[in-house]
Amino acid sequence: MNKLSIVLVGIGGYGNGYVKELLENPGNREYSIVGVVDPFPENAPSLPKLHEINVPVYDSLEGFYKEHRADLAVISSPIHFHYQQTRLALENGSHVLCEKPVTATVQDALKLIEARDEAGKMVGIGYQWSFSKAINALKQDILAGKLGYPKRLKTIVLWPRDLDYYQRGWAGKKQDQQGNWILDSVANNATAHFLHNMFYVIGPTMDSSGKIREVEAELYKANAIENFDTSIIRVMTTDDVEILFYASHAVRQSVGPTFYYQFSEAVVQYDETNGVNKEITVHFNDGTVRSYGDPTMESRRKLWVMIDAIINGEPIPCGIEAALTQTMCINGAQESMLQIQRFPDKVIRFDETSNLIYVEGLEQILRENYLKWSMPSKTEVPWAKAGVTLDLTNYTYFPSLASLTR
């Protein structure tokens with residue numbers, strides 16, 4: 001094919017990393033940036049370099065497609081734009097690499113599958129661990145049966161986020177002013193990769209994830225936001241694998257991501273907390289130990305995998321179907337606890353030095369529950385409240401279970 005043409009949607013924040021990668025072109029691939037889309041391009045650090053090479057700038061994707069075409073659209077916009085921008089790109093003949101999550105709701109993700117198939121294009125979703133060499137090698141061995149069958153998996157990620165983090169107009173919101181779902185939260189944004197990874201590694205193929213049977217969630221907030229900044233989510237898959245996820249921004253100390261995946265013939269462990277040894281390690285029942293490497297290496301590898309897939313017709317590890325399970329989990333969790341629980345005022349603290357709202361004792365409570373494979377509401381934590389356990393076997397629309405009595 002001719003030189004691959006690329007349009008970048010969102011060039012500030014996370015999107016700026018894609019600009020830098022493409023301008024540096026470490027693999028010397030044949031492509032060109034034919035346009036960038038951003039309503040506030042003046043805030044993008046790479047804008048001067050883009051001007052130097054005469055890349056046109058548009059304030060909307062519609063505006064770009066009126067004048068240009070692109071083989072690949074790389075979308076780094078907020079969650080509530082993912083559906084409409086991915087669909088528009090497909091309708092205009094572009095393959096798509098969209099940042100996580102695929103969409104805010106399961107119904108929009110299902111519609112994107114139809115749009116993708118009708119367009120005959122590929123859609124990759126940017127859960128970078130799914131594109132990492134370490135996770136891919138681990139999953140290949142799981143699929144080969146070397147670890148036995150999955151029994152239960154758990155992950156904890158405690159990442160403090162100060163008040164400035166929530167100043168973005170859509171941060172921590174359930175919906176925008178037009179009523180479009182956003183569902184931004186600790187579990188659907190900053191730590192979404194690690195929730196998704198538990199589904200991904202137990203998927204039956206390299207490009208699929210495990211399926212959810214039921215979900216139960218405890219969702220809390222200390223910050224003055226619509227949605228939650230702390231979550232404890234329990235999932236049972238259709239293959240009877242238990243998955244537990246603990247995440248919070250309302251803590252003082254950073255923990256993780258740390259995970260423990262239990263299989264019948266091995267245990268998989270990872271702990272990024274101390275930053276000393278960030279390798280995935282598997283301890284087999286026969287005493288053998290194997291390292292699979294660092295999943296955080298080459299965080300933009302997803303871009304190059306996507307480009308190579310387009311050029312060479314190769315499959316991509318994380319498309320819409322593989323990403324859909326995480327979106328379904330988040331939708332189910334939101335319905336499990338319709339009313340986000342506010343932490344009691346007596347345990348909420350504010351650190352002026354770090355501009356951080358946190359919950360006294362929360363880190364210890366979540367760590368203890370992680371170790372016990374439990375949830376706060378089941379361990380006599382006074383402020384804890386249990387969510388409803390919901391059957392998601394045939395779940396195709398959010399919100400569709402909200403009429404249940406709470």
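In this text, all values refer to a predicted model and were calculated from it rather than measured experimentally. In what follows, every heavy atom counts, from backbone to side chain, and hydrogens, waters and symmetry copies are set aside.
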J.: So, are Lys151 and Glu242 salt-bridged, with charged N and O less than 4.0 Å apart?
T.: no
J.: Quick check on Glu118: does its CD atom have over 12 non-hydrogen neighbours (other residues, nucleotides or ligands) under 6.0 Å away?
T.: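 It does not: Glu118 CD has 12 such atoms or fewer within range.
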J.: If every non-hydrogen atom of Ile182 is compared with every non-hydrogen atom of Ile79, which pair is closest and at what distance?
T.: O-CG2, 3.4 Å
J.: Any salt bridge linking Arg161 with Asp229? Criterion: basic side-chain nitrogen under 4.0 Å from a carboxylate oxygen.
T.: no
J.: Can a salt bridge be assigned to the pair Glu216 and Lys378 using a cut-off of 4.0 Å between side-chain N and carboxylate O?
T.: yes
J.: Hydrogens and angles aside, do Thr296 and Glu272 bring a side-chain donor and acceptor to less than 3.5 Å of each other?
T.: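 Thr296 vs Glu272: no donor-acceptor pair found between side chains.
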J.: Has Arg301 got its NZ or CZ under 6.0 Å from the middle of the six-membered ring of Phe131, at an angle within 45 degrees of the ring axis?
T.: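 Output no; distance or angle outside limits.
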J.: Over all heavy atoms of both residues, which pair between Val102 and Ala109 is shortest? Give the atoms and the distance, please.
T.: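 Closest approach of Val102 to Ala109: CG1-CB, 4.0 Å.
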J.: What do the steps show when you test Ile232 against Leu366 for side chain to side chain contact (heavy atoms under 4.5 Å, CB included), and what is the final call?
T.: CA-CA 8 Å; Ile232 304 91; Leu366 294 181; 3.8 Å; yes
J.: Using a strict 4.0 Å threshold on nitrogen-to-oxygen distance, state whether Glu114 and Arg87 make a salt bridge.
T.: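 Not counted as a salt bridge, because no side-chain N and carboxylate O are separated by less than 4.0 Å.
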J.: Would you please say whether a donor-acceptor pair under 3.5 Å links the side chains of Tyr370 and Thr258?
T.: no
J.: Side chains of Tyr166 and His249: donor-acceptor distance under 3.5 Å anywhere?
T.: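 No, because no side-chain N or O of Tyr166 sits under 3.5 Å from a partner of the opposite role on His249.
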J.: Is it true that the side chains of Tyr149 and Asp240 contain a donor and an acceptor less than 3.5 Å apart?
T.: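 Absent: no donor and acceptor within the cut-off.
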J.: Are side-chain heavy atoms of Val37 and Tyr65 found at a separation under 4.5 Å?
T.: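 In short, these two side chains do not touch, never coming nearer than 4.5 Å.
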J.: Can a side-chain donor-acceptor contact be found between Thr288 and Asp286 if the only test is distance below 3.5 angstrom?
T.: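 Yes.
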J.: Other residues, nucleotides and ligands only: do more than 12 of their heavy atoms fall within 6.0 Å of NZ on Lys173?
T.: no
J.: Is it true that the side chains of Asn180 and Asp176 contain a donor and an acceptor less than 3.5 Å apart?
T.: yes
J.: Any idea which heavy atoms bring Ile233 and Ala217 closest together, and the distance?
T.: CG1-CB, 4.2 Å
J.: Heavy atoms only: give me the nearest Asn223-Arg342 pair and the separation to one decimal.
T.: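 Smallest heavy-atom distance, with atoms named: O-NH1, 4.1 Å.
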J.: Going by an N to O cut-off under 4.0 Å, is there a salt bridge joining Lys372 and Glu368?
T.: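 The answer is no: the pair does not qualify as a salt bridge.
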J.: Distance alone, cut at 3.5 Å: any donor-acceptor contact between the side chains of Thr273 and Asp271?
T.: yes
J.: Just jot down the side-chain contact (heavy atoms from CB on, under 4.5 Å) partners of His193, sequence neighbours excluded, or say none.
T.: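 Checked His193 against side-chain contact (heavy atoms from CB on, under 4.5 Å); matches are Lys100, Tyr127, Gln128.
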J.: Between atom CH2 of Trp129 and atom CG of Asn136, what is the distance when rounded to the nearest 0.5 Å?
T.: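 CG of Asn136 is found 13.0 Å from CH2 of Trp129.
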J.: Indicate the ring-plane relationship of Tyr31 and Trp304, choosing parallel, tilted or perpendicular according to the 30° and 60° boundaries.
T.: tilted
J.: Between Gln334 (side chain only) and Leu183 (backbone N and O only), is there a donor and an acceptor less than 3.5 Å apart?
T.: no
J.: Quick test of your reading of the model: are Lys133 and Glu298 salt-bridged, counting only N-O distances below 4.0 Å?
T.: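 Here Lys133 pairs with Glu298 in a salt bridge, since their nearest N and O are under 4.0 Å apart.
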J.: Going by atom types alone, do Asp141 and Tyr292 pair a side-chain donor with an acceptor below 3.5 Å?
T.: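 Distance-only check passes for Asp141 and Tyr292.
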J.: Looking at side-chain heavy atoms only, is the closest gap between Pro150 and Asp239 below 4.5 Å?
T.: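 Counting from C-beta outward, Pro150 and Asp239 never come under 4.5 Å.
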J.: Any side-chain heavy atom of Met206 sitting closer than 4.5 Å to one from Gln140?
T.: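 SC-SC contact between Met206 and Gln140 confirmed.
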J.: Phe194 and ring pair (Phe, Tyr, Trp, His ring centres under 6.0 Å): which single residue from Phe259, Trp159, Tyr270 fits?
T.: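 One option only clears the test, and that one is Trp159.
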J.: Closer than 4.0 angstrom, basic N to acidic O: yes or no for Glu226 and Lys174?
T.: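 No, Glu226 and Lys174 are not salt-bridged.
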J.: What orientation do Tyr200 and His196 show, parallel under 30°, tilted 30 to 60°, or perpendicular over 60°?
T.: parallel
J.: Hey, are Lys146 and Glu265 close enough for a salt bridge, meaning a charged N less than 4.0 Å from a carboxylate O?
T.: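 Salt bridge absent between Lys146 and Glu265.
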J.: Assess the residue pair Leu163 and Phe350 against the criterion (side chain to side chain contact (heavy atoms under 4.5 Å, CB included)); give the C-alpha distance rounded to whole Å, side-chain angles, the decisive distance to 0.1 Å, and a yes or no.
T.: CA-CA 10 Å; Leu163 294 180; Phe350 176 63; 3.7 Å; yes
